[in-house]
Q: 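So that we are looking at the same thing, I have put the structure below in structure tokens.
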Amino acid sequence: MQDTGEPGMSGITIYLDLNANEILDAGEPFSATDETGQYAIVAPSAVNYMIRVDTPTIPAGFFLTTSNLPLNVTPAAGEDYKNADFGYQQQKFPWWSLWPAVMQAVQENNEQ
């Protein structure tokens, strides 16, 4: 996972979907991201794997910024595969998007 510099990137569960059912099942290798978004999963053997994110562990307000999920990888036997990167970013609203709500609140307060 790429470090986007955003707070809240720790604790996201990344897993190898061994049976391709898009659900983290018991026995599937997984890891939680650290505060920089890094994770490490040990693959059981050198075959093709689908790396997925357990979506309930993504903090509210974050969205995927890369289009490579699920990520299909084939590590070599014993390889420490470090190229399984993808990114999330926190949704930010420009101040002017709040302007209509602010103006409505001002108008309602003036009417009282």
Q: Return the CG to CE distance between L16 and M50, rounded to the nearest 0.5 Å.
A: 11.0 Å

Q: In the structure I gave you, are the side-chain heavy atoms of N48 and V73 within less than 4.5 Å of one another anywhere?
A: no

Q: Counting N and O atoms only, with roles assigned by atom type, does the side chain of T13 sit under 3.5 Å from a partner on the main chain of T57, one being a donor and the other an acceptor?
A: no

Q: I51, V53: one ILVMFWY side-chain cluster at the under-4.5 Å cut-off?
A: yes

Q: Closer than 3.5 angstrom, by distance alone: can the side chain of T33 be matched with the main-chain N or O of Q38 as a donor-acceptor pair?
A: no

Q: Tell me, please, which residues at least two apart from S31 pass side-chain contact (heavy atoms from CB on, under 4.5 Å).
A: Y39, I41

Q: For E28 and L18, indicate whether the former's side chain and the latter's backbone hold a donor-acceptor pair under 3.5 Å.
A: yes

Q: If I take atom CG from residue L24 and atom OG1 from residue T55, how far apart are they, to the nearest 0.5 angstrom?
A: 10.5 Å

Q: How many angstroms lie between CD1 in I23 and CZ in R52, if you round to the nearest 0.5 Å?
A: 10.0 Å

Q: Any side-chain heavy atom of P59 within less than 4.5 Å of one from I12?
A: yes

Q: Is there a side-chain contact between D54 and F30 in this structure, where contact means two heavy atoms from C-beta onward sitting under 4.5 Å apart?
A: no

